[in-house]
Amino acid sequence: MSFFSKLRDRLTRSSSQIGAGLDEIVADAPPAAEPSAPAAQPSAPAAAQWPAASQPQPQPGLMGRLFARDAAPAEPRRELDDAMLEELEDMLIAADMGTDTALRVTANIAEGRMGRRIGASELKQALADEIARIMTPVARPLPLYPKKPQVVLVVGVNGSGKTTTIGKLASQFRAAGKTVVIAAGDTFRAAAVEQLQVWGQRAGVPVMVAPQGSDPASLAYDAMVRAEAEGADLLMIDTAGRLQNRADLMEELAKIVRVIRKKDPSAPHNTLLVLDATTGQNALSQVETFRKLADVSGLVMTKLDGTARGGVLVALADRFGLPIHAIGVGEQIDDLDAFDAGEFARALVGL
Ligand SMILES: Nc1nc2c(ncn2[C@@H]2O[C@H](COP(=O)(O)OP(=O)(O)OP(=O)(O)O)[C@@H](O)[C@H]2O)c(=O)[nH]1
Ligand SMILES: [Mg+2]
């Protein structure tokens, strides 16, 4: 199955929330003003009514005309007014797109469409276009440099998917002919080392480990020495998950970076922040915190399968503009792929 089909299948909770939300908003049109209708209409604000009364025949949009040719039943339409925009905004905020982004996206959709009767397909397409426009500049695969070893430091809060992402990336780089070394920088949990060793075996990549409780910074340094000696293309350093509010753990991360730089002042060449899509808006504060400590160069968003909070990726792109290198849609080795803005936008709105 192609990654896009998988994305479309697995993004269902986000896309059904947004897609169904758009259908509902259009279906939720205030009752058309009839000459005999009573003056008081509790559900429709006054502003929503004025054009309805003078509206001539509904103008089908391009999509409407295309579908009409197939003699499909006419798609429900609703006149785009302030009330409808407000519903759209609320729906996008509920889908974790963030208030600022939702406002801007809604304003752009309104442009040139106010007062027109539009159907859900036009609305979905317009939303997908807006999302793709925000996401296209950040859709950039992990850059590869001629520098050997290229040091990739992977950071993030507990359970965000760091270790899994390293396993998936290592296996993909290996398949692309790169030599990779992994450093198991999570020296707190024995299980973490075992987990990485399993991924290493699957990917056919050596995993450097250190005794439990030892200093992860010194393991990182040793791993750099080894990767250099072996002429490896990439060194991926896993780190222990850390809560944003644990100053000691955050300081430890800063130390890893300092020690790596003693060996190579230009390292780490990439600092990947792994974010769990199911955390929704909290991902935004994670980016802020980790950026202060480590020079975060790009993001990986995991667990887009089975969450209705996929909209957070749009908020992240809009707010920080950090490259999104890859997205994860499952636990298997091939459930991670480069981020494609257009595919993501279409999948997210349920097109
Ligand atoms: N459904 C789904 N699960 C994922 C994805 N990525 C990771 N996981 C799962 O999330 C859980 C945590 O992943 P890990 O890779 O161990 O996370 P971590 O950031 O290394 O965790 P700590 O080392 O404890 O901080 C595991 O059960 C993974 O299988 C994904 O894209 N989709
Ligand atoms: Mg881990």
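When a ligand or atom number is given, it counts from 1 through the structure's own listing order.
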What pairs of donor and acceptor atoms, side-chain ones from residues 336-351 against any protein atom, are under 3.5 angstrom apart with sequence neighbours left out?
unit_1	atom_1	unit_2	atom_2	d
Asp340	OD1	Gly342	N	3.1
Asp340	OD1	Glu343	N	3.0

*Look at Lys124 together with Asp23 and state whether they make a salt bridge at an N to O cut-off of under 4.0 Å.*
yes
*Pair Lys303 + Asp276: basic N to acidic O under 4.0 Å*: yes
*asked:* Whether Arg189 and Asp186 form a salt bridge (side-chain N of Lys/Arg under 4.0 Å from carboxylate O of Asp/Glu) is what I want to check.
replied: yes
Using a 3.5 Å cut-off and no angle test, enumerate the donor-acceptor pairs between side-chain atoms of residues 131-144 and protein atoms at least two apart in sequence or in another chain.
unit_1	atom_1	unit_2	atom_2	d
Arg133	NH2	Glu130	OE1	3.0
Thr136	OG1	Ala132	O	2.5
Arg140	NH1	Pro137	O	2.9

*Can you tell me if Asn270 and Gln150 form a side-chain donor-acceptor pair at under 3.5 Å?*
yes
*Starting from the Mg ion (ligand 2), count all protein N, O or S atoms within a radius below 2.8 Å.*
1
*Side-chain H-bond candidate by donor/acceptor type, Thr271 with Asp295, under 3.5 Å*: no
Hey, what polar pairs (N/O, under 3.5 Å) does ligand 1 make with protein?
unit_1	atom_1	unit_2	atom_2	d
ligand 1	1 (N)	Asp305	OD1	3.4
ligand 1	1 (N)	Asp305	OD2	2.7
ligand 1	10 (O)	Lys303	NZ	3.3
ligand 1	13 (O)	Thr164	OG1	3.4
ligand 1	15 (O)	Thr163	N	3.3
ligand 1	15 (O)	Thr164	N	2.8
ligand 1	15 (O)	Thr164	OG1	2.5
ligand 1	16 (O)	Gln195	NE2	2.9
ligand 1	17 (O)	Gly161	N	3.0
ligand 1	19 (O)	Ser160	N	3.2
ligand 1	19 (O)	Gly161	N	2.9
ligand 1	19 (O)	Lys162	N	2.8
ligand 1	19 (O)	Lys162	NZ	2.7
ligand 1	20 (O)	Thr163	N	2.9
ligand 1	20 (O)	Thr163	OG1	2.8
ligand 1	21 (O)	Gly159	N	3.0
ligand 1	23 (O)	Arg189	NH2	3.2
ligand 1	24 (O)	Arg189	NH2	3.2
ligand 1	25 (O)	Gly159	N	3.0
ligand 1	25 (O)	Lys162	NZ	2.8
ligand 1	25 (O)	Gly241	N	3.3
ligand 1	27 (O)	Glu331	OE1	3.4
ligand 1	29 (O)	Glu331	OE1	2.4
ligand 1	31 (O)	Lys303	N	2.9
ligand 1	31 (O)	Gly328	O	3.3
ligand 1	31 (O)	Gly330	N	3.3
ligand 1	31 (O)	Gly330	O	3.3
ligand 1	32 (N)	Asp305	OD1	2.9
ligand 1	32 (N)	Gly330	N	3.3

_I'd like to know if Asp96 and Arg309 make a salt bridge, using a cut-off of under 4.0 Å between side-chain N and carboxylate O._
yes
*Look at Arg258 together with Glu251 and state whether they make a salt bridge at an N to O cut-off of under 4.0 Å.*
yes
